[in-house]
Amino acid sequence: MKEHLQALLEQALERLKIQGEIPSAITVPVRVERARDSAHGDFATNLALAMAKPAGHPPRKLAEKIVQALPPDPVVRKVEIAGPGFINFFIDPLAQFEIVSRILAEGERFGRSRSGGGRKVHIEFVSANPTGPLHVGHGRGAAYGASVANLLEAVGCTVHREYYVNDAGRQMDILTVSIWVRYLQNCGEALPFPANGYRGEYVLAIAEALQREHGEAFRLPAAEVLRGLPPDAPEGDKEAYIDALIERARNLLGGDRYEKVFQTGLDAILGDIREDLEAFGVRYDLWFSERGLVRAGRVREALDRLGDGGWLYQREGATWFASSRLGDEKDRVVVRENGQATYFASDIAYHLDKLERGFDLLIDVWGADHHGYVPRLKTAMRALGAEPERLEVRLVQFAVLYRGKERVPMSTRAGEFVTLRQLREEVGKDAARFFYVMRKAEQHMDFDLELAVSQSNDNPVYYVQYAHARVCSVFRQLGEKGWRHDVDRGLKCLHKLTENHEQALLGCLARYPETVERAAAMREPHQLTHYLRELAGLFHTYYNAHTFLVEEDALRDARLNLIEAVRQTIANGLSLLDVTAPESM
RNA sequence: GCGCCCGUAGCUCAGCUGGAUAGAGCGCAGGCCUCCGGAGCCUGAGGUCACAGGUUCGAAUCCUGUCGGGCGCGCCA
């Protein structure tokens, strides 16, 4: 409808230009919006206001000219000029009914479009280090990324979902020795747990599994392990201690056994992460290994490429990327003095790899604490010859957990965080997924566990799902009363839907496709949650105000068509959020 | 100190890229089941859009500054 009115306005402008009423040179984007107030009709445009200055006419006068030049159209019942020069369109009510037939005809496809232009989009999200289970902080990125991916697919993009597995860095070595120390302790060796190690219970569980499967194959005397190590915190430096311990583990265990402990830890944790995400409704097309990237020589390649472009230089024994020449605040090290590539270097290689795989757009979803990282990665894109717009970084702010009024402490260090699994078990997948995307991503969020789990009216998830279940319930009642739903008869009698509640619902339903389009274009799934809440609210109001299962066949079928359209739309919207639409609750 | 995000009703938040009288939910005060599911509905009170300037027909929205909150500024990942 918007497009239709925009086309009419374009025609009017053409006509005015030909008539010489307005200069033909000026171009103003024609934008039609839904009127907020029904007194202002159904749609409105500020075209005359926007054009007044370049056209050299006062806005109201210009509006009159535009209205006169507007070609007649059966759908447009009335056009008014209001306020400073808005042009308001009143749509023929009969045209509003069309949405119901459309929804029933399109079913699950209703709301899908091609507005994304078939772009190939790569979206990387979560990508938490496989050094421990996912916690609630990762949940928001997961819910957001998955919903954005679904939205992009709904508007016709080809979407590739990917998890970047950081299995190559020092953190993984720290995990490895953490497991090993726990294992040695379990074997009866008396040695202290490193201050900088991973303390979570999952480490113990992995150590136990290691012992079950391999007995004492990795056991060494504590004295040998500890001999000559520098002091650990608090007296000593915990970083130096753990590095020495890693070195010691490598030497004593040898490459193969060290690798075995490493791999056991990685597999266990990654397996957990996959399981968690799966249960959270999140699926990936690819789990991309950083180690694989390094082993394939891709990091070297990427650095060579930067070097060929003249972007690298040596200083103080390290290799630097001259990112400040492209606007970063300072240059960045890519190869350390000790010859090891930095995390940044493999990240550059990873993004180069993505670019070479032929995606039109790369979307990275990161925690907001990584925001300082955005400019340098953008400069790397440019140095590699890619337009920086091909990389879009979406930052997701932290969620602070509450139980009622009380803030839930979160400390990864001490291992006393709430895992995503605990959250899911406590509030359920549906509530968690919905809650996480209810707020704008860049908005700090308070996540109240008590609220999410409460089966009450304060809980928007149930409110929306309940609307869906209620429609299903009406259809069950229909059968019990011995009636049958005649869809065609209902479609012919849609004009009987004249109540205010029905008109409001029709208007809301008509807005669904554009809501999906906007949410996708802006990467804002929260727009969809707000829409669904509104639609459900209008339905509940309607439900209370009118009986659907009336004696009059034609009216009953018309109403059933309307509420079936509501049900379908809610189901479609929820599915984009990976939230279920239950038939009963 | 510098950079990024944020500041809208008692609380949690929307506000459709600058439009018309700033909206929801919760909470609070009242009301609605002989009726398709009360996990629902209706009515009401509640605002200096942090503050001060600026841009223009028009600002919660854009620009500058101030104040307040969060996060980040490693040869960590």
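All values reported here derive from a predicted model rather than from experimental measurement. Numbered from 1 within each chain, the chains take letters A, B, ... in sequence-line order.
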Expressed in angstrom and rounded to an integer, what is the separation of [X] atom [atom1] from [N] atom [atom2]?
X: A:Phe548; N: B:rG40; atom1: CZ; atom2: P; answer: 16 Å
X: A:Arg439; N: B:rC6; atom1: CZ; atom2: C1'; answer: 14 Å
X: A:Ile570; N: B:rG40; atom1: CD1; atom2: P; answer: 14 Å
X: A:Tyr462; N: B:rG25; atom1: OH; atom2: P; answer: 20 Å
X: A:Asn544; N: B:rU43; atom1: CG; atom2: C1'; answer: 14 Å
X: A:Arg470; N: B:rC41; atom1: CZ; atom2: C1'; answer: 8 Å
X: A:Tyr531; N: B:rC16; atom1: OH; atom2: C1'; answer: 14 Å
X: A:Glu239; N: B:rC75; atom1: CD; atom2: C1'; answer: 14 Å

Cation-pi check, A:Arg511 to A:Tyr531: give yes when NZ or CZ is under 6.0 Å from the six-membered ring centre and within 45° of the ring axis, no otherwise.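 That pair does not qualify as a cation-pi contact.
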
Using the [atom1] atoms only, state how far [M] lies from [N], rounded to an integer number of Å.
N: B:rC6; M: B:rC49; atom1: C1'; result: 14 Å
N: B:rG25; M: B:rC71; atom1: P; result: 32 Å
N: B:rC51; M: B:rU8; atom1: P; result: 10 Å
N: B:rC16; M: B:rA22; atom1: C1'; result: 14 Å
N: B:rG23; M: B:rA60; atom1: C1'; result: 12 Å
N: B:rG68; M: B:rC62; atom1: P; result: 22 Å
N: B:rA29; M: B:rU21; atom1: C1'; result: 25 Å
N: B:rG54; M: B:rA9; atom1: P; result: 25 Å

Would you indicate which nucleotide in [options] comes nearest to any side-chain atom of [X]?
X: A:Arg533; options: B:rA24, B:rU21, B:rC57; answer: B:rA24
X: A:Val333; options: B:rC42, B:rA77, B:rC75; answer: B:rC75
X: A:Lys330; options: B:rC75, B:rC73, B:rA77; answer: B:rC73
X: A:Val474; options: B:rC36, B:rA77, B:rU17; answer: B:rC36
X: A:Pro84; options: B:rA39, B:rG70, B:rC57; answer: B:rC57
X: A:Asp369; options: B:rC75, B:rC71, B:rC36; answer: B:rC71
X: A:Tyr543; options: B:rC36, B:rG70, B:rA20; answer: B:rC36
X: A:Asn88; options: B:rA20, B:rG37, B:rC57; answer: B:rA20
X: A:Gln443; options: B:rC76, B:rG7, B:rC16; answer: B:rG7
X: A:His526; options: B:rC75, B:rA39, B:rA14; answer: B:rA14

Would you mind checking if [Y] and [X] are paired as a salt bridge, meaning a charged N to carboxylate O distance below 4.0 Å?
X: A:Arg298; Y: A:Asp353; value: yes
X: A:Glu524; Y: A:Arg518; value: no
X: A:Glu551; Y: A:Arg556; value: no
X: A:Arg34; Y: A:Asp42; value: no
X: A:Arg325; Y: A:Asp331; value: no

Pick the nucleotide of RNA chain B nearest each of A:Phe344 and A:Leu478; which residue has the one closer to the 5' end?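 Closest to the 5' end, via its nearest nucleotide, is A:Leu478.
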
More 5' along RNA chain B: A:Glu442 or A:Ser584, using each one's nearest nucleotide?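 Looking at the nearest nucleotide for each, A:Glu442 comes out on the 5' side.
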
Stacked pair [X]-[N], distance under 5.5 Å, angle under 30°:
X: A:Phe86; N: B:rG19; result: no
X: A:His530; N: B:rA24; result: no
X: A:His370; N: B:rA77; result: yes

Within the distance-only criterion (no hydrogens, no angle test), does the side chain of A:Lys378 pair as donor or acceptor with the backbone N or O of A:Leu391 below 3.5 angstrom?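 Flag set: sc A:Lys378 to bb A:Leu391 pair under 3.5 Å.
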
Assess whether side chain to side chain donor-acceptor pair (under 3.5 Å) is satisfied between A:Gln443 and A:Arg439, documenting all intermediate values. CA-CA 7 Å; A:Gln443 182 76 248; A:Arg439 307 296 179 220; over 6 Å; no

Tell me which nucleotide, if any, is Watson-Crick or G-U wobble paired with [N] when both distances must be under 3.5 Å.
N: B:rU17; answer: none
N: B:rG68; answer: B:rC6
N: B:rG25; answer: B:rC11
N: B:rC73; answer: B:rG1
N: B:rC36; answer: none

Touch class at under 4.0 angstrom, heavy-atom based, for [X] against every strand present:
X: A:Met522; result: base
X: A:Gln465; result: nothing
X: A:His546; result: base
X: A:Ala44; result: base
X: A:Arg31; result: sugar-phosphate
X: A:Phe475; result: nothing
X: A:His40; result: base

Classify the side chain of A:Asn46 versus the base of B:rA20 as yes if they form a donor-acceptor pair under 3.5 Å and no if they do not.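 Answer no: no donor N or O sits under 3.5 Å from an acceptor.
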
Enter syn or anti for the glycosidic conformation of B:rC33, syn applying to angles within 90° of 0.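 That one's syn.
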
B:rU12: syn or anti, with syn meaning chi within 90° of zero?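 Because its glycosidic torsion lies more than 90° from 0, B:rU12 adopts the anti conformation.
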
Heavy-atom pair with the smallest gap, counting every atom of A:Ile81 and A:Ala63: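 For A:Ile81 and A:Ala63, the tightest heavy-atom pair comes out as CD1-C, 3.7 Å.
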
Output a table of nitrogen or oxygen pairs between the protein and nucleotides 2-4 of chain B separated by less than 3.5 Å.
residue : atom : partner  : partner atom : Å
B:rG3   : N2   : A:His371 : NE2          : 2.7

Are A:Phe43 and A:Phe90, when compared by the centres of their aromatic rings, separated by less than 6.0 Å?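 No, they do not, as the ring centres are separated by 6.0 Å or more.
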
Starting from the C-alpha separation in whole Å, work towards a yes-or-no answer on side chain to side chain donor-acceptor pair (under 3.5 Å) for A:Gln171 and A:Asn166. CA-CA 9 Å; A:Gln171 295 304 316; A:Asn166 292 123; over 6 Å; no

If you look only at pairs with a residue in residues 467-487 of chain A, which of them pass as a ring-ring contact (aromatic ring centres under 6.0 Å, His included), with sequence neighbours excluded?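 Counting only pairs at least two positions apart or across chains, the ring-ring contact (aromatic ring centres under 6.0 Å, His included) contacts touching residues 467-487 of chain A are A:Phe475-A:His485.
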
